[in-house]
Amino acid sequence: MDVNQPKQEHLLALKVMRLTKPTLFTNIPVTCEERDLPGNLFNQLMKDDPSTVKGAETLMLGEMLTLPQNFGNIFLGETFSSYISVHNDSNQVVKDILVKADLQTSSQRLNLSASSAAVAELKPDCCIDDVIHHEVKEIGTHILVCAVSYTTQTGEKMYFRKFFKFQVLKPLDVKTKFYNAETDEVFLEAQIQNITTSPMFMEKVSLEPSMMYNVAELNTVNTAGESESTFGSRTYLQPMDTRQYLYCLKPKQEFAEKAGVIKGVTVIGKLDIVWKTNLGERGRLQTSQLQRMAPGYGDVRLSLETIPDTVNLEEPFDITCKVTNCSSERTMDLVLEMCNTNSIHWCGVSGRQLGKLHPSSSLHLALTLLSSVQGLQSVSGLRLTDTFLKRTYEYDDIAQVCVVSSEVKQS
């Protein structure tokens, strides 16, 4: 083969263009006061400029749209759309044209072509058009590979391809915090930060719970009988701004009584985030399954069911406690002891038998106590002893109660 032989020109031309929304035209207003040297010249020029808003010429934002001047940024969760055109630049009829578009990511290669069938023939000055779409699910380097094969009039099979490399960026930074309540409720705080260079309209931020939980969103307030977002009617998130969303997860009824099951649940659910940018371009992200650190309750768990907010000084008040055997195998025989503190005094018999408590089962205790000191007092001093293992479990700072003088009216 002669190395000096010129490279054969292809009969077909391939053009690839990204499809994206236009942007609003912006201009830089130049103005001056009437007593300055230009007089009213600059103001008149802005009024005559067709790109300015009539009556608000000094605004940078105009009424006209501009087409994209470059490839632009592509963010995770957005839909990448591209227009592919194969044009016959020659004066020959080309046969068996096959256009193939693949997207190569760091982990996989995806076929984006709408059809895998070849076009029988393509006449001169005619073209084959295709539009491809792909929801971007990976960050990092992506390569769009467009390949074209065809047959000339002489029966020669020709083939060429082009590569288009682009980066997919991360649009949001999502951080989560978990708070485990004594009542088996789990509170999730999601911090979402816009790390792009343009504002976002947050269309939806929801939590899809795992099968064991029901979820309640705590991102609205009730105003005049209507539910309103805590972020206002226009939920825009400016660049580098952060917003916190709060959710409460409660165990479903069929799992609520299974203490051992709820104790070991670490998978909570996943966040579903939908936003819009520019002229309504939509993006969507789903996080992986969110996991919490399961609380360690030990073998026996004591939780508070009911307690008054405010009580009178030196007057008895009632509380209700729930005792749960968190063991999945061992039956316990429990004894309750009530130890007085400097401010809290228990009423009733200490050292009484509670009986046998089977694995993953619970019992409720109605207890009476009083406080001899005013102020915010901590309820402490309960002891549970398992007579089988001779093991004692201590429970202090179970809850807090506000103690006031009996002369103060409780609201």
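Basis for what follows: all heavy atoms, side chains included, without hydrogens, waters or symmetry-related copies. Quantities reported herein were computed from a predicted structural model and do not represent experimental measurements.
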Over all atoms of both residues, closest heavy-atom pair of [X] and [Y]:
X: D396; Y: G381; result: OD1-N, 3.0 Å
X: R18; Y: S81; result: CG-O, 3.5 Å
X: L144; Y: S82; result: CD2-OG, 4.2 Å
X: T154; Y: T152; result: OG1-OG1, 2.9 Å
X: S288; Y: K270; result: O-CB, 3.7 Å
X: I344; Y: S371; result: CD1-CB, 4.1 Å

Between [X] and [Y], is any pair of side-chain heavy atoms under 4.5 Å apart?
X: Y247; Y: V186; result: no
X: L122; Y: L12; result: yes
X: Q193; Y: M240; result: yes
X: N194; Y: D241; result: no
X: P124; Y: V93; result: yes
X: V86; Y: V119; result: no
X: E78; Y: T277; result: yes
X: R109; Y: V145; result: yes

For the side chain of [X] and the backbone of [Y], is there at least one donor-acceptor N/O pair under 3.5 Å apart?
X: Y213; Y: G269; answer: no
X: T387; Y: D333; answer: yes
X: S210; Y: V267; answer: yes
X: K252; Y: M211; answer: yes
X: N340; Y: W346; answer: yes
X: S380; Y: D397; answer: yes
X: T287; Y: L271; answer: yes

message: My understanding is that only residues two or more places apart in sequence, or in another chain, count here; which of them pass salt bridge (Lys or Arg N to Asp or Glu O under 4.0 Å) with K177?
response: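 Once residues adjacent in sequence are excluded, K177 has no partner under the salt bridge (Lys or Arg N to Asp or Glu O under 4.0 Å) criterion.
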- prompt: Is the count of non-hydrogen atoms from other residues, nucleotides or ligands lying under 6.0 Å from E329 atom CD greater than 12?
  reply: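 Open: at most 12 neighbouring heavy atoms sit under 6.0 Å from CD of E329.
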query: With a cut-off of 6.0 Å (strictly less than), are more than 12 heavy atoms of other residues, nucleotides or ligands near CG of N111?
result: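 Check passes, neighbour count above 12.
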message: I'd like to check the side chain to side chain contact (heavy atoms under 4.5 Å, CB included) partners of A147; sequence neighbours left out, ordered by chain and number.
response: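 Side chain to side chain contact (heavy atoms under 4.5 Å, CB included) list for A147, sorted by chain: Y159, R161.
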task: Let me see the working for W275 and V205 under side-chain contact (heavy atoms from CB on, under 4.5 Å), right down to the final yes or no.
output: CA-CA 9 Å; W275 70 90; V205 180; over 6 Å; no
[X] side, atom [atom1]; [Y] side, atom [atom2] - distance, nearest 0.5 Å:
X: M200; Y: F75; atom1: CE; atom2: CZ; result: 7.0 Å
X: L365; Y: C321; atom1: CG; atom2: SG; result: 6.5 Å
X: Q153; Y: Q92; atom1: CD; atom2: CD; result: 4.5 Å
X: L172; Y: I195; atom1: CG; atom2: CD1; result: 7.0 Å
X: D130; Y: L112; atom1: CG; atom2: CG; result: 9.5 Å
X: N325; Y: L334; atom1: CG; atom2: CG; result: 7.5 Å

message: Side chains of T105 and H142 only: does a donor on one sit below 3.5 Å from an acceptor on the other?
response: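 No - no donor-acceptor pair under 3.5 Å links their side chains.
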- prompt: Are Q191 and E189 close enough that a side-chain donor and a side-chain acceptor fall under 3.5 Å?
  reply: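 Looking only at side-chain atoms, E189 and Q191 do form a donor-acceptor pair, the distance falling under 3.5 Å.
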query: Are T141 and Q167 close enough, and set up right, to give a side-chain contact (heavy atoms from CB on, under 4.5 Å), and what steps lead you there?
result: CA-CA 5 Å; T141 303; Q167 294 288 330; 2.7 Å; yes
- request: Determine, step by step, whether C126 and N88 satisfy the side-chain contact (heavy atoms from CB on, under 4.5 Å) criterion, reporting the C-alpha distance in whole Å, the side-chain angles of both residues, the deciding distance to 0.1 Å, and the verdict.
  value: CA-CA 6 Å; C126 292; N88 187 353; 5.5 Å; no
field: Carboxylate-amine/guanidinium contact K276 E203, below 4.0 Å
entry: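 Counted as a salt bridge, because a side-chain N and a carboxylate O are separated by less than 4.0 Å.
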Electrostatic pair K95-E121, nearest N-O below 4.0 angstrom: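 Salt bridge flag = no for E121 with K95.
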- request: List the steps and the verdict of side-chain hydrogen bond (donor to acceptor under 3.5 Å, both in side chains) for S85 and D129.
  value: CA-CA 5 Å; S85 179; D129 300 323; 3.0 Å; yes
task: Using the ring pair (Phe, Tyr, Trp, His ring centres under 6.0 Å) rule, collect all pairs that involve residues 225-244, keeping only residues at least two apart or in two chains.
output: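 Every pair satisfying ring pair (Phe, Tyr, Trp, His ring centres under 6.0 Å) with a residue in residues 225-244: F201-Y236, F231-Y245.
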